[in-house]
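Have a look at the structure below, then the notes.
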Amino acid sequence: MYSITKIAIPSDSQALRIKLPLYQSVIPAGFPSPAEDYIDKTISLDEHLINRPSATYFARAKGDSMEGIGISDGALLIVDRSLMASHGDVVIASVDGDFTCKQLDLHHRQLVSANPKYKPIKIIEGIELEIEGVVIHCINSFR
Amino acid sequence: MDFCLVDCNSFYASCEQVFRPDLRHRPVVVLSNNDGFVIARNHQAKALGIPDLEPYFKVEHILRKNNVAIFSSNFPLYGDLSDRVMTTLRDFSPQVEIYSIDEMFLSFSGFKEGLHSHGKAIKDTVWRDVRIPVGVGIASTKTLAKLANMAAKKIAKLDGVCVLETELQRQWLLKRTPVNKVWGIGRRYTQRLSDMQIYNAWELATSNQKALSRRFNVCLERTIAELNGHACIQLEEYPDDKKQIYCTRSFGKKVTGLEELQQAVSVYASRAAEKMRMQKHLGLALHVFINTSPFEPNYYHNSLVIKLPYPTDDSRIIIERAKQVVARIYKPDYRYLKAGVGIIDMVSRRHYQSDLFQDRQPEKVDKTMLVLDQLNQQFGRNTAFFGAEGVQKKWRLRQGFKSPEYTTKLSEIPVIRC
């Protein structure tokens with residue numbers, strides 16, 4: 001009898017794409033360059049910030065309701081749909097057909113802003129609400 | 001069980017709903033290039049009785065009256081979401097065949113238990129990660145997996161996942177499937193089979209094979225074996241290179257002048273040549289066609305196939321020849337709606353060896369084309385192009401209802417209210 005095991009196979013287009021550094025200097029035969037041990041691959045923000053590219057999307061924040069948690073107007077949000085949202089997560093939710101970014105407060109069953117100007121959205125019967133991903137990073141640009 | 005078919009539900013329409021939660025319960029249609037025809041409808045739109053491939057102007061009033069969301073096709077979005085679905089599926093099977101933009105076969109070879117819950121996990125994960133609804137069909141052959149998939153979508157009780165496990169289930173489904181719904185049975189076969197009193201898949205599966213094989217070809221024999229649970233069609237993980245490459249479009253504004261028509265054809269020729277270079281082939285023959293609208297009086301269409309001087313992927317030669325063909329088939333005083341260029345005969349660079357007595361493409365050309373493709377890949381489409389393509393492209397596509405390229409252009413990512 002067989003049973004099912006989930007095997008993660010990296011798709012060649014995503015996981016295996018690694019940029020290799022170029023040797024800038026001529027390497028003499030014989031004595032190895034002391035820098036050789038320190039050559040590493042280049043830094044990729046994509047690889048560093050995104051775990052699951054197929055479930056991740058970018059979005060643009062508009063408004064000041066999340067300023068208290070560091071999301072400025074115009075910030076770039078990186079959103080992962082594959083994560084299960086838990087208490088305290090910053091999430092994207094669709095509320096009655098509109099996307100909004102809020103903090104999830106499961107203890108009081110509500111979505112809260114990080115700005116006292118805005119009231120929480122109560123998660124009550126009759127409201128059409130779906131979590132559209134967890135905000136895993138926010139990039140505020142200074143210039 | 002050996003095969004699992006995952007098929008995205010009304011894929012293009014579903015893509016338009018991913019970043020528009022307000023549309024998730026509304027009817028949605030997607031129009032073809034140039035907003036000519038309805039090419040995708042979600043099930044709410046189907047329920048309104050909007051037929052597939054109907055000219056847009058014929059159904060526009062129904063769409064407006066019922067508040068249907070209308071979209072021009074947004075292929076960058078569909079392509080990216082299709083990639084995401086496929087990547088998600090690779091977690092569920094070591095072998096995945098991309099059958100089309102919205103259908104993938106997974107190898108379930110050796111999987112014996114918990115098939116239904118595995119199928120359900122596929123469906124739920126694709127929805128959670130990509131927000132694309134899919135149907136899942138699991139069976140011992142590809143042809144049966146296709147039927148199982150159709151059943152998964154049609155029979156509400158199955159909730160999108162159908163496993164054909166027992167002999168009873170197979171018989172039940174085959175008896176309820178008209179023969180034209182079987183994979184590989186086209187309209188001509190359907191007619192000929194009905195002449196022999198074969199109307200459903202069960203009658204085909206249990207027909208007298210000897211009598212049939214005398215009148216049909218080996219493909220039908222294979223289909224029958226597959227319907228009976230004997231796998232004949234294997235998983236193709238690496239699809240063959242395309243045997244033909246076409247680039248055809250309808251014009252946004254109808255074209256009358258020869259020069260404008262040649263410009264359009266030059267763009268298509270250059271795009272087709274670029275695609276051919278990507279798969280490392282050399283072209284041998286071109287097919288060029290032009291036509292007016294079939295819905296207007298005095299319909300005119302003409303086409304011509306020509307041989308290229310030698311196997312080549314040189315855009316300049318392909319453009320030049322395509323323009324010459326247009327000049328030959330062009331007639332003045334018509335309003336042209338559509339044109340296209342196809343490279344219909346190709347050889348792989350790997351297999352091609354020129355003989356001494358035949359002209360061949362100079363090496364210098366290879367280098368020029370490489371630079372051209374690199375420029376366009378690095379700095380975006382149309383950074384470098386040929387003079388023949390024209391600078392002002394009046395005949396460019398009409399795309400009145402195009403949604404943003406949410407996932408492929410930074411300037412068009414979704415905006416979230418905070």
Side-chain angles (χ1 to χ4, degrees), chain A residues 1-15 52-67 69 71-77 79-84 90-102 113-115 118 128-133 135 138, chain B residues 1 4 17-26 77 80-96 98 108-119 121-122 124-132 237-238 404 406-418:
Chain A
M1 270 307 196
Y2 296 87
S3 68
I4 292 162
T5 353
K6 268 174 75 171
I7 319 162
I9 303 289
S11 80
D12 22 309
S13 60
Q14 314 252 1
R52 221 177 141 78
S54 58
T56 302
Y57 63 95
F58 297 122
R60 185 74 64 190
K62 191 173 165 56
D64 60 359
S65 80
M66 295 303 279
E67 268 180 3
I69 210 163
I71 300 176
S72 310
D73 187 24
L76 181 71
L77 305 174
V79 189
D80 189 338
R81 287 193 195 271
S82 70
L83 300 172
M84 172 69 104
V90 176
V91 298
I92 305 296
S94 62
V95 181
D96 288 331
D98 273 329
F99 282 140
T100 181
C101 173
K102 292 284 173 275
S113 294
N115 183 336
Y118 299 88
E128 210 176 294
L129 185 142
E130 205 162 346
I131 300 296
E132 300 284 343
V135 179
C138 157
Chain B
M1 285 300 134
C4 167
Q17 293 172 303
V18 169
F19 292 100
R20 288 289 303 274
D22 58 313
L23 299 181
R24 290 208 183 130
H25 305 292
R26 259 179 62 188
L77 177 69
D80 180 65
L81 292 177
S82 167
D83 273 355
R84 286 166 181 256
V85 171
M86 289 162 197
T87 308
T88 308
L89 295 179
R90 286 184 206 278
D91 283 351
F92 290 90
S93 166
Q95 288 157 293
V96 177
I98 298 159
F108 269 22
S109 189
F111 294 12
K112 292 254 156 73
E113 276 171 15
L115 289 166
H116 191 270
S117 59
H118 204 52
I122 289 177
D124 292 346
T125 307
V126 174
W127 173 255
R128 186 194 68 197
D129 286 7
V130 198
R131 281 292 190 274
I132 292 291
E237 284 180 87
Y238 305 100
Y406 295 108
T407 55
T408 50
K409 260 195 189 158
L410 198 58
S411 56
E412 299 185 9
I413 60 177
V415 174
I416 312 280
R417 211 158 35 83
C418 284

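Each chain gets a letter, A, B and so on, in the order the sequences are listed, and its residues count up from 1.
With a 4.5 Å cut-off on non-hydrogen atoms, A:S113 does not touch chain B at all. At a 4.5 Å heavy-atom cutoff, B:L23 makes no contact with chain A through either its backbone or its side chain. For A:I131, the part lying under 4.5 angstrom from a heavy atom of chain B is the backbone only. Contact annotation for B:V126: neither backbone nor side-chain heavy atoms come within less than 4.5 Å of a heavy atom of chain A.
Atoms CG and CG, on B:D22 and A:D96 in that order, are 11.0 Å from each other to the nearest 0.5 Å.
Remark: side-chain polar atoms of B:R84 are paired, donor with acceptor, to backbone N or O of A:T56 under 3.5 angstrom.
Chosen from A:S65, A:A114, A:A61, the residue pairing most often with chain B at heavy-atom distances under 4.5 Å is A:S65. Ranking A:E130, A:K62, A:K102 against chain B, the residue ahead of the rest is A:K62, based on heavy-atom pairs under 4.5 Å. Most heavy-atom pairs under 4.5 Å with chain B, from the set A:S82, A:G63, A:G133: that is A:S82.
A pairwise comparison of heavy atoms in B:F19 and A:F99 identifies O-CE1, 3.4 Å as the closest pair. Across every non-hydrogen atom of B:V130 and A:S54, the tightest pair is CG2-O, 4.1 Å. Between B:C418 and A:I71, the shortest heavy-atom contact is SG-CG2, 4.4 Å. When every heavy atom of B:R417 is checked against every heavy atom of A:D98, the shortest pair comes out as NH2-CB, 4.1 Å. The minimum heavy-atom distance linking A:Y57 with B:P414 is given by the pair CD1-CG, 4.3 Å. A pairwise comparison of heavy atoms in B:P21 and A:G97 identifies CG-O, 3.6 Å as the closest pair.
For the pair B:T87 and A:R52, the minimum side-chain heavy-atom distance is 4.5 Å or more. With contacts defined as side-chain heavy-atom distances shorter than 4.5 Å, the pair B:I413/A:L77 does not qualify. The shortest side-chain heavy-atom distance between A:E132 and B:I416 does not fall under the 4.5 Å cut-off.
Ion pair A:E128/B:R24 not flagged as a salt bridge, since none of the NZ, NE, NH1 or NH2 atoms sits closer than 4.0 Å to an Asp/Glu carboxylate oxygen.
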